[in-house]
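Notes to accompany the following structure.
By convention here, the first residue in the shown sequence is residue 1. What you are looking at is a predicted structure, and each value in this text was computed from that prediction instead of being measured.
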Amino acid sequence: RQKKSIATSNHGGHLEIRSSLLTVNGMARVVDVKNLQQEEGKSYLVQELTVTNEVSGISHTTTRWFLPYDQTPPHLVAESKAAA
């Protein structure tokens, strides 16, 4: 299967990845936009993912928010204790 991607950015907190790939339903166009947001001294990442079927023109967009995790993940704490 062929896949083509291009990544661009408008500023330091922005990333846009445009891809096209062949699926079982034909060629699909994917636009993945990630923006780092800051509000009230806190940072979070917003991802907007849009998939469009190039033949039918039907598209679907999903938006996700990622919050920072300020603690060491539990599995890494367990590994560091085991190594000590």
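For S59, there are no side-chain hydrogen bond (donor to acceptor under 3.5 Å, both in side chains) partners two or more places apart in sequence or in a different chain. Remark: Q47 pairs with D32, R64 by the side-chain hydrogen bond (donor to acceptor under 3.5 Å, both in side chains) rule, at least two apart or across chains.
Side-chain heavy-atom separations under 4.5 angstrom define the hydrophobic clusters, and the remaining members of the one that includes I17 are L15. Cluster partners of L45, by chain and number: F66. The rule joins Ile, Leu, Val, Met, Phe, Trp and Tyr whenever side-chain heavy atoms lie under 4.5 Å apart. Cluster partners of W65, by chain and number: Y44, V46, L67. The rule joins Ile, Leu, Val, Met, Phe, Trp and Tyr whenever side-chain heavy atoms lie under 4.5 Å apart.
Within the structure, every pair that satisfies the ring-ring contact (aromatic ring centres under 6.0 Å, His included) test and touches residues 6-31, not counting sequence neighbours, is listed here: H11-H14.
Side-chain atoms of N25 never come within 3.5 Å of backbone atoms of N53 as a donor-acceptor pair (strictly under, hydrogens ignored).
Of all heavy-atom pairs between T52 and G57, the closest is CG2-O, 4.0 Å.
Residue E16 holds its CD atom at 11.0 Å from NZ of K34, rounded to the nearest 0.5 Å. The distance from the CZ atom of R18 to the OG1 atom of T50 is 9.0 Å, given to the nearest 0.5 Å.
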